Amino acid sequence: MHLSLKPSSQWTACVALLSGLTCLIAPTAAVKYENFKTCDQTGFCKRNRAYADHAGQVGASFESPYRIEPDSLSWEQGQLRGTILKTIDAAGETVRLPITISFLESGSARVVVDEEKRQKGEIELRHDSMARKERYNEVESLVIIGGLSLSLTAKEERDVGKTTVKYGPNGKFAAIVKFSPFSIDFARDGATQVKLNDRGLLNMEHWRPKIEKAEPEQKEGEELPAEVQTGEDESTWWDETFGGNTDSKPRGPESIALDITFPGYDHVYGIPEHAGPLSLKQTRGGSGNHADPYRLYNADVFEYIMDSPMTLYGSIPFMQAHKKDSTVGVFWLNAAETWIDIIKEKEAHNPLSLGLGSKMDTKTHWFSESGLLDVFIFLGPTPKDITKAYGELTGFSQLPQEFSITYHQCRWNYNTDEDVKDVDRKMTKYQIPYDVIWLDIEYTDDKKYFTWDPLTFPDPIGMLKQLDESERKLVAIIDPHIKKKDGYHIVDELTKKDLAVHNKEGNAYEGWCWPGSSYWVDCFNPAAIEWWKTLFQYTAFKGSAENVFIWNDMNEPSVFNGPETTMPKDNLHHGNWEHRDVHNINGMTFHNATYQALLSRKKGELRRPFILTRSYYAGSQRLGAMWTGDNQASWDHLAASFPMILNNGIAGYPFAGADVGGFFGNPEKDLLTRWYQAGAFYPFYRGHAHIDTRRREPYLAGEPYTGIITRALRLRYALLPTWYTAFHQASVDGTPIIRPHYFEYPSDEQGFAVDDQFFVGSTGLLAHPVVTEGAESVEMYLPDDELYFDYFDYTLYSGKGKHTISAPLDKIPLLMQGGHIFPRKDRPRRSSGLMRFDPYTLVIVLGKVGMAKGELYVDDGDSFEYEQGAYIHRTFEFSNNVLESKNIATKGKLTDKFLKTMKDVAVERIILVGIPASWTGKSTLKGGVEIECHAAEGPTAAWATVKKPGVKVVEDWRIDFNSLSHVRDEI
Ligand SMILES: *[C@@H]1O[C@H](CO)[C@@H](O)[C@H](O)[C@H]1NC(C)=O
């Protein structure tokens, strides 16, 4: 169903169709479905689904036409090479597909299949196209930054009809490559975990010349005969039209597809970006399922709908499959348009299993429009193993500027430099902390980036100076479309140097975006990056300074008059690769160019860039933050934000957030308030609003809202050391910053689909922000029998399962799990910069066994000096009634220098929650430190505070609480 009807008929159509209520809202606030393709409207998607349907109908007698030529196989140092033959006709003619299977030192495996004819350029392009003939083979060079060393211990054992490779840690992984038909089973400890081409859906559309057919004669009143020669739908092989745009497809059909089955796994996660639950749904119809595959084709889909497999702004073709105590993963390294079908079926070898405890097979089917078949297989067995192995390949999340993980105040637009200064003053006046104010497109002179509107922003430097007085920053938007305007020096240089994306004729491609007619900088071109770098130098970008950072929007790219609001697929990038081949990494290359530019703004200045991107791919996590694009001020969009951020996190890109308050529309005050509370748990925390919305800076809400919002913001600032420690951890091992249950409790089946609550780093903080209207409480799920304490009032909860937590508007459901220690900074300040040398508070949350552990990571929050040891990394451990701080940092060249700057920073308070009943009253510990204990009261646990323990954060120290067990009420 498409709502491409005129407004008047839309109403009647809606009533006649589904639910009148949805339709009432639809005309004003819904995605424009008709702008985006369904699978059925996408040639290669339809063809591969039809192939799967055919295989399913034929059943057991269906045989995949792909087989490995055994004589072609060779094994060398962890790599198996050979040729797959694809039989293409009844006479047995075949097409040669070179295959390389690599077994990596890390324990990951990689399967790459190419096509010999295209590889050798032995094909003809149509329409005199200038495009490259090969299948796109450069995605690896942009995405993979390490982890490709081949295993020296992997061993191959050839057999009749198959070969087996043992690899991985202690040789416990195995790949069983069957020759005819070709398939690979991946096993761990003898049990199969991942199967490739088990269903025979491998499909590589080989090159073929177009056979021009004579137009069939059509007699009056007679239907045209259907074309059935090959049984294949050829209607979109040679060109494809959608929404008035025709894609010329000079290389003909070239899609690749493969089925990947996870036997015994009933949950799959990842493949962002989609609005929907963390645990992905089935996609081939049926009650509660999607009807279309999950689509990955980065697009500007505003006012997107909930619970949909529709594509959004970014894509990461990385999936984790999970069952009790086992996680595996696949990474589909392809930058072209991709769709993924998911079905779940009762385990094949156990068809009689029914009801509870019966296991599912999750069967996935991946197809991309062009490029190589290139897939990585990770065998776990834990979620942490998977994210780590994936991060070794694509990079871990950037260790960000510390300010960038606090609160950002944005709207489209702050209208003048005076407006910015006024907001800044008011935030100070109302004592609302924030670090960054943002400028959307209106600050520019006529949408020409790197310029300022002379009437509205006459004094950017004066504005930046005021912000700097509170160590606050500015983020300015810079987009990839460059206004085509005589006398605009940027566009002059772009065209003179020929650095724009080309159309299929090889000239600069022209399209429409915010500035009107525009060109797009082609960041696949190294020369374009070099040029882009010159534009950001303080001397070139006049009115910018050290406290200016950047926002890259519209980089899918969004082209208002292009097919599906983006570029034509037959556009050409550097090296004459078609846009078709690289579309999904386009956004990342622009983000990367800006990253390189911020690194080189000034000679001798090396600071971590902060750049927000809307479009992204695998690897974008190295470059900065993302947000979920143009959401709406509605409760369902608030609710959807957590599953989306969680999925992004487990796909290796945890620095994620959603627009607080909702971009479109005016949130009611309770929604705005709940959104600020929720946002305090987004790794990226930014309030943003559309130009047509009413102003909604936190101080405008009025009481009690402003006060409640301010407390949510202060909570984020107080926990900044904890958040920063979690960001550090993500930057070294890829663990998500907010973590879903299955990630922390891989054995707890009840938690596998939970996505409305999550843990913050490894702190044991378990949050369940309220995302429903009028809620006074939430049901919180506890995954174990540990003790949990309310963060704010120490109410004790325990017992695996659901607990009702009261949550009036001023309350965020947030629990502390026993057994953890986390750091805070409790003094309210204007910005994080002003907190740098503030003393710490340590919260010790005692668990059932009276032990607790935690970590703190600190560095200058700005430079790369941490790479030379300029950081603090400590563990805190409480056991046997002794609290100890231990150094776990590795000393480097700049360690001493950094520690000197931090030498006076103290721990000003220690809070112990869940203390033994024997600890009571006020007393003095060994060394003269005073402690005040509070007995348990009703549901509230016993707790204690130590004020001024007299210890420094840079030092090793221990505080002995043992005297408390026998000394009572000394005072
Ligand atoms: C980023 O830019 C660097 C420097 O020009 C280049 O080497 C690298 O390939 C680029 N990466 C991406 C993802 O564009």
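Treat the numbers as computed from the prediction; the structure is a model and nothing was measured. Whatever order the structure lists ligands and atoms in, that order sets their numbers, starting from 1.
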One pair per line, please: each N/O atom of ligand 1 matched with every protein N/O atom under 3.5 Å away, atom names first, then the distance to 0.1 Å.
unit_1: ligand 1; atom_1: 2 (O); unit_2: Asn592; atom_2: ND2; d: 2.4
unit_1: ligand 1; atom_1: 2 (O); unit_2: Gln596; atom_2: NE2; d: 3.3
unit_1: ligand 1; atom_1: 11 (N); unit_2: Asn592; atom_2: ND2; d: 2.9
unit_1: ligand 1; atom_1: 14 (O); unit_2: Asn592; atom_2: ND2; d: 3.0

| query | Is Asn552 reaching over with its side chain to a backbone N or O of Pro480, donor-acceptor style, under 3.5 angstrom? | reply | no
| query | Does Ser518 reach the main-chain N or O of Trp514 with its side chain, forming a donor-acceptor pair under 3.5 Å? | reply | no
| field | Salt bridge Arg614-Asp630, side-chain N to carboxylate O under 4.0 Å | value | yes
| message | If the threshold is 4.0 Å, N to carboxylate O, is there a salt bridge linking Glu578 and Arg132? | response | no
| query | Looking only at side chains, do Asp862 and Gln401 share a donor and an acceptor under 3.5 Å apart? | reply | yes
| query | If you look only at pairs with a residue in residues 387-397, which of them pass as a side chain to side chain donor-acceptor pair (under 3.5 Å), with sequence neighbours excluded? | reply | Thr394-Gln621
